[in-house]
Q: 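A single structure is presented below for examination.
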Amino acid sequence: MSEPMIAIQGLTKRFSTADGRRHLAIDDVNVEVAEGEFVSILGPSGCGKSTLLYMVGGFVAPSSGAITVQGRPVTGPGPDRGPVFQEFALFPWKTVLENVMYGLRQQGVSKAEAEARARALLDMVHLKDFADFYPKELSGGMRQRVAIARTLAYQPQILLMDEPFGALDAHTRTVLQNELLGIWERDRKTVLFVTHGVDEAVFLSDRVVVMTRAPGRIKKVVEIDLPRPRVRAELLVNRRYQEYIVELEQLIEDVHLEAAGA
Amino acid sequence: MSASNIFAGERLRGTAASVLPLAVILLAWEAVCRAGLVAPTLLPAPSVVLLRWIALLPDPDFLHHVAQTMIRLLSGFAIALAAGVSIGLLASRGGGGLLEPVIRVLAPIPKIALYPAFVLIFGFDHASKIALVVADAVFPILLATFHGARSVEPKLLWSAWAAGASRRATIFTVVLPSALPSILTGCKIALLISCVTVFLAEMISSTDGLGHLLIRSARSFRIVDMFVPLVTISTIGLLLNAALVAVRNRLLVGHGNHR
Amino acid sequence: MKSALRKLGPAASTVLSLGALLVLWEILARLAQIDGFPPATEALVQVPLILGERESLASIGASLWRMFLGGALALCFAVPVGLAMGRNKRIAQALNPVLTAAYPIPKAALMPIIMLWFGVGDLSKVLVIFLGVSLPLIYHSFHGAHAVDEKLLWSAMAMGMKPVARLFKVVLPSALPDVLLGCRVGLAMALIVMISSEMIARQSGAGDLLFNALDMALYGDVYAMIVILAAIGFVLDWVFERVRRRLVHWAESRQDAMVPGGGV
Ligand SMILES: Nc1ncnc2c1ncn2[C@@H]1O[C@H](COP(=O)(O)OP(=O)(O)OP(=O)(O)O)[C@@H](O)[C@H]1O
Ligand SMILES: [Mg+2]
C-alpha cells in the first residue's frame with residue numbers, strides 16, 4: 001500500500017480557557033491510517049479523542065502539526081469525510097428520509113435519484129418503514145441508524161465516528177456493531193472510531209490507538225490480528241481475542257495509575 | 001379553534017374547569033351591576049358591553065375603525081418580521097461585532113417615547129403608527145432570531161458542512177430551521193406588542209382606529225363605548241395569537257416540545 | 001473593524017455605537033432638512049436646559065417615583081401568584097383565561113376608565129403601572145416555577161417542608177433566573193406604561209412634558225425629552241442587568257444580555 005489515507009503528523013491542540021489560560025489538549029500525535037483500515041481510538045475521558053476526530057473532520061483547526069487526507073492537507077469539512085456523532089445530530093425538522101437525502105441534495109443530485117438512493121440505504125439499515133417519521137419519534141438505536149445512513153448516503157471514503165454507540169443500551173449497541181461491521185466488510189471504508197469500550201474496539205478494529213491522560217499523547221498502538229469476518233460468539237471463546245482484551249484493559253489501567261501517581 | 005392559552009405550556013385539559021373561574025368573575029360583575037352597587041356610568045354590566053359590541057359588529061363605521069387598526073397592526077408586524085429575522089441572522093453570523101452594540105443601545109429604549117418624533121417625520125397618518133409598531137415589534141423578533149441562530153447545535157452545522165453544503169446553504173437549511181422555535185416565540189411576543197402599540201398610538205394622536213374610538217367615547221363619558229374597543233383589541237390579539245399557534249404547530253412538527 | 005470592536009470590550013463598543021448613532025442622526029437630519037427633525041446637536045443642547053429647570057426635573061422625578069411604586073407593588077403581588085400558578089395546576093387553570101384575555105389589552109389604555117374611577121391623581125397612574133408590570137412578572141414566574149426540578153421538591157417534601165416554605169425556599173430560588181428576567185421585562189413595561197399613560201392623561205410627568213413641547217412646536221425640546229427618556233430606559237436596564245447577573249451568577253446565562261420584550 002502506498003500513500004496512507006489519513007496522515008497525522010506532530011498534531012497539537014491548545015484551547016484557551018475562559019480565564020485566559022492555555023490548555024494543552026493534544027500533544028504531538030502521529031498516526032497513519034491506511035485505506036480501508038478500521039482504527040479505534042481508546043483513552044480516558046477528556047484526553048482529546050473527540051478533538052482529534054474533529055480536527056481530522058476539519059471542524060476544529062489544529063494549533064500546530066499537519067493532517068493530510070489522501071495527500072491533501074485538511075482545511076475544512078468535506079464530503080470525503082463523513083462524521084457520525086454520539087448525539088446523532090439529526091435535523092429535527094426533517095423526516096428520516098429527508099435527513100438521509102440532505103447530503104445528496106446539497107451536492108446537486110436530483111430529487112428523484114436522491115430519494116431512490118436514500119430509500120435503498122434506509123432499507124439497508126432496516127428502517128424502510130420509518131421513512132416519514134421525524135427523529136423525535138424514533139428510539140436511540142434507530143436514530144443512530146438514520147445518522148449512519150445519512151452519512152453513508154454521500155459516500156464518504158472515510159467515516160469519523162465519535163462514540164457512535166455510546167448513548168445506546170448494551171443490546172442495541174451489539175446489534176449496531178454487527179451491522180456496522182457488515183457494512184464495513186462490504187465496502188471497506190476507512191474508519192476512525194472513538195470509543196470507551198475495550199471489547200468494542202477489539203471486536204471492530206484492525207488497530208487500536210491507546211491515548212494517555214490529558215494532554216493526550218499516544219501511549220501505544222495495538223494491532224488486532226483476528227480473522228475476518230468476525231463473529232462475536234466465536235471471538236468470545238477465541239484465546240487471542242481474550243488476550244487483546246486483557247492487554248488493553250491493562251493499558252487503560254496503567255494510564256489511570258500514571259495520572260494518579262503524577 | 002384550539003384555546004390560545006398564553007399561560008399554559010400544555011394544551012388546556014378540562015375546558016370547563018378552566019372557563020369556570022372566568023364565568024364566575026363575569027357573573028359576579030354582572031350581579032354587582034344589576035344590584036345597583038355601582039353607578040352604571042362608572043362600570044357597565046358585562047352583558048351591556050357584550051350586547052353593544054354585537055350590535056356594533058355589522059356597523060360599517062365601526063368596521064372601518066377596526067380595519068384601520070388592522071392595517072397598521074399587520075403591516076407593522078410584517079415589516080418587523082422581515083427586518084427582525086434578516087438583521088438577527090446577519091448579526092448572528094458575520095455582522096455580529098458591528099450590530100450587537102448598536103442593538104444593545106437601541107433595545108432598552110422605550111419606543112413609545114419615539115412616537116412624537118415619528119409623528120413629526122412621518123405625519124399623522126398611517127406611516128407614523130406603522131413606524132412605531134415596527135420599532136416596538138422588531139426587537140423581540142430580532143433578539144429571538146439572534147439567540148436562536150447563535151445557539152444552533154454546532155454538530156448540526158458540521159453534519160451539513162461535511163455533507164457538502166456551502167456556508168450560504170446552511171443558513172437556510174440549518175440555521176434558520178433550528179432558530180425557528182425561538183423566532184416564533186419572538187413573533188408571539190411581537191404580535192402582542194403590536195396590538196398594544198397600535199392601540200396606544202391611536203389613542204395618543206389619531207382620527208380613526210380602535211384607540212381613537214376609546215378616546216372619543218372617553219371625551220363624552222360614554223362608558224359602554226369605552227369598553228367596546230378594549231374588548232375588540234383583546235379579541236383581535238387572541239385571534240391573531242391563535243393563528244400564530246396554528247402556524248407554529250404546522251411548522252414545528254419535527255421539533256421537540258417547545259414552550 | 002469587527003475584531004477591533006470586539007477587543008474593546010462591551011462597554012467601549014456600546015459607547016462607540018452610541019456615538020455612531022448620534023452622528024448618523026446628525027447627518028440624516030442635516031440632509032433631510034425637515035423642521036420636525038432637528039440635528040442631534042440641536043436636541044442635545046436642550047437636555048441640560050430641561051434638566052436644569054426645577055419644574056421639569058420634579059415632574060420627571062415624580063414619574064419615576066410612581067413607576068417605582070407601581071413596580072414594587074407588582075413585585076409583591078405578581079411573583080407569589082406566578083409561582084403558585086407554576087406549581088399548582090388548579091390555580092393555573094383558574095387564572096389562565098383571565099390573564100390570557102388581559103394580555104393583549106394595552107394597560108395604559110385603561111387610563112381613561114381608571115381616571116373615571118379614581119380621578120386623575122397619582123393613584124390611577126400607579127395602578128396602571130402596577131397592572132402593566134404584573135402580567136409579564138406573572139408570566140415569567142409561572143414559567144420558572146413550572147420548570148423547577150421535581151426531584152428538588154421531592155427531597156424537600158421528604159425533609160418535611162410545608163407547602164408555603166417549599167414555595168419560598170425551593171421554588172423561588174430555582175425559578176429566580178426566570179423571575180428576574182420577568183423583572184427586567186417588567187421594568188421596560190413600567191417605563192412604557194408610565195410614558196404612554198402620561199401622554200394620554202396629559203396632566204403631569206415626563207410623557208406630558210414631551211407632548212407639551214410637541215404642541216408648542218419646540219422641536220428641539222421634543223427630541224431632548226426623547227433623549228432623556230431613552231437614557232432613563234438604557235440606564236435602568238443597565239443597572240438592573242448588573243444586579244441580575246450578581247444574583248443569578250450560578251445559573252448559566254441562558255438568555256443573554258439583551259432581552260427586553262417578553263410580555264406586554
Ligand atoms: N471548545 C473547547 N474549548 C476549550 N476546551 C476544550 C474545548 N473542547 C475540548 N476542550 C478540552 O479539551 C480536552 C479534550 O476534550 P475532548 O472532548 O476531546 O475529550 P474526549 O477524549 O473526547 O473525552 P470524552 O471521552 O469524555 O468524550 C478536555 O480537557 C476539554 O476540556
Ligand atoms: Mg468525546
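First the proteins, then the strands, lettered A, B, ... as listed; each starts at 1.
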Q: What part of C/Phe234 gets within 4.5 angstrom of chain B, counting heavy atoms only: side chain, backbone, both, or neither?
A: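 Backbone plus side chain of C/Phe234, per the 4.5 Å heavy-atom cut-off to chain B.
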Q: With rounding to the nearest 0.5 Å, note down the distance linking OG1 in B/Thr232 to CD1 in C/Ile105.
A: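 Result: 10.0 Å between the selected atoms.
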Q: Step by step, work out the side-chain contact (heavy atoms from CB on, under 4.5 Å) result for C/Ile34 and B/Leu120.
A: CA-CA 9 Å; C/Ile34 313 175; B/Leu120 288 176; over 6 Å; no
Q: Considering only heavy atoms, which portion of C/Val222 lies under 4.5 Å from any heavy atom of chain B: side chain, backbone, both, or neither?
A: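 The side chain, not the backbone.
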Q: To the nearest 0.5 Å, what is the distance between CZ on B/Phe122 and CZ on C/Phe37?
A: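 Spacing of CZ (B/Phe122) from CZ (C/Phe37) equals 9.0 Å.
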Q: Please examine the side chains of B/Phe227 and C/Ile113, heavy atoms only from C-beta on, and report whether any two atoms are closer than 4.5 Å.
A: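 Side chain of C/Ile113 against side chain of B/Phe227, heavy atoms only: contact under 4.5 Å found.
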Q: Are side-chain heavy atoms of C/Pro104 and B/Ile233 found at a separation under 4.5 Å?
A: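 C/Pro104 does not reach B/Ile233 side chain to side chain.
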Q: Should the heavy atoms of other residues, nucleotides or ligands under 6.0 Å from CZ of B/Arg219 be counted, would the total exceed 12?
A: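 Atom CZ in B/Arg219 is not packed in, count stays at 12 or less.
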Q: Quick check on B/Leu240 against chain C: is it the side chain, the backbone, both or neither that has a heavy atom closer than 4.5 Å?
A: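 Neither; nothing under 4.5 Å.
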Q: Under 4.5 Å, counting heavy-atom pairs only, tell me which of C/Ala109, C/Ala20, C/Ala101 racks up the most with chain B.
A: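 Of the candidates given, the most pairs with chain B belong to C/Ala109.
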Q: Any side-chain heavy atom of B/Ile109 within less than 4.5 Å of one from C/Ile226?
A: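 No, every pair of side-chain atoms sits at 4.5 Å or beyond.
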Q: If you count heavy-atom pairs under 4.5 Å with chain B, which of C/Ala213, C/Ala32, C/Ala231, C/Ala230 comes out on top?
A: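 Top option by heavy-atom pairs under 4.5 Å: C/Ala230.
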Q: Give, as side chain, backbone, both or neither, the part of B/Leu191 having an atom under 4.5 angstrom from any heavy atom of chain C.
A: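 It is neither, since no heavy atom gets under 4.5 Å.
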Q: To the nearest 0.5 Å, what is the distance between NZ on B/Lys111 and CD1 on C/Ile195?
A: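 The CD1 atom of C/Ile195 is 10.0 Å from NZ of B/Lys111, to the nearest 0.5 Å.
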Q: Name the option with the most non-hydrogen atom pairs under 4.5 Å to chain C; the candidates are B/Gly237, B/Ala190, B/Ala218, B/Ala117.
A: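 Maximum pair count with chain C is reached by B/Ala117.
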Q: Measure distances from C/Leu214 to the heavy atoms of chain B and classify the residue's part below 4.5 Å as side chain, backbone, both or neither.
A: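 Answer is side chain: those atoms of C/Leu214 sit under 4.5 Å from chain B.
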Q: First locate atom CG of C/Leu210, then atom CD1 of B/Ile112, and finally report the distance between them rounded to the nearest 0.5 Å.
A: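 One finds 10.0 Å between CG of C/Leu210 and CD1 of B/Ile112.
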Q: Whether the side chain of C/Ser13 engages the backbone of B/Pro101 through a donor-acceptor N/O pair (distance < 3.5 Å, no angle test) should be reported.
A: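 Side chain of C/Ser13 to backbone of B/Pro101: no pair is present.
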Q: Heavy atoms, side chains only, cut-off 4.5 Å: are B/Met203 and C/Pro106 in contact?
A: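 Heavy-atom side-chain distance check fails, nothing below 4.5 Å.
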Q: Quick one: does C/Tyr103's side chain get under 4.5 Å of B/Asn241's, heavy atoms only?
A: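 No - every pair of side-chain heavy atoms lies 4.5 Å or more apart.
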Q: Side-chain contact test, heavy atoms from C-beta onward, threshold under 4.5 Å: evaluate it for C/Pro112 versus B/Met226 and give yes or no.
A: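 They are in contact (side-chain heavy atoms under 4.5 Å apart), so the answer is yes.
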Q: Taking side chain as everything from C-beta outward and backbone as N, CA, C, O, which of these in B/Leu230 sits under 4.5 Å from a heavy atom of chain C? Side chain, backbone, both or neither.
A: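 Both parts, backbone and side chain.
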Q: Where on C/Leu21 is there a heavy atom nearer than 4.5 Å to chain B: the side chain, the backbone, both, or neither?
A: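 For C/Leu21, side-chain heavy atoms alone lie under 4.5 Å from chain B.
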Q: With chain B, which of C/Gly82, C/Gly233, C/Ala108, C/Ser17 has the greatest number of heavy-atom pairs at distances under 4.5 Å?
A: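 When all of C/Gly82, C/Gly233, C/Ala108, C/Ser17 are compared, C/Ser17 has the most.
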Q: Is there side-chain contact between C/Leu116 and B/Thr41, with heavy atoms separated by less than 4.5 Å?
A: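 Not in contact.
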Q: side-chain contact (heavy atoms from CB on, under 4.5 Å) between B/Leu42 and C/Trp117: does it pass, once the steps are laid out?
A: CA-CA 7 Å; B/Leu42 286 183; C/Trp117 297 346; 3.9 Å; yes
Q: For atom CG of C/Asp35, decide whether the heavy atoms of other residues, nucleotides or ligands shown that lie under 6.0 angstrom number more than 12.
A: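 It does not: C/Asp35 CG has 12 such atoms or fewer within range.
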Q: Please say whether more than 12 non-hydrogen atoms of neighbouring residues, nucleotides or ligands are located less than 6.0 Å from CZ in B/Arg52.
A: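 At most 12 heavy atoms, drawn from other residues, nucleotides or ligands, come within 6.0 Å of this atom.
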Q: Which atoms of B/Ile25 are under 4.5 Å from chain C, going by heavy atoms: the side chain, the backbone, both sets, or neither?
A: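 Looking at B/Ile25, just its side chain touches chain C.
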Q: First locate atom CG of B/Leu200, then atom CD1 of C/Ile192, and finally report the distance between them rounded to the nearest 0.5 Å.
A: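 One finds 9.0 Å between CG of B/Leu200 and CD1 of C/Ile192.
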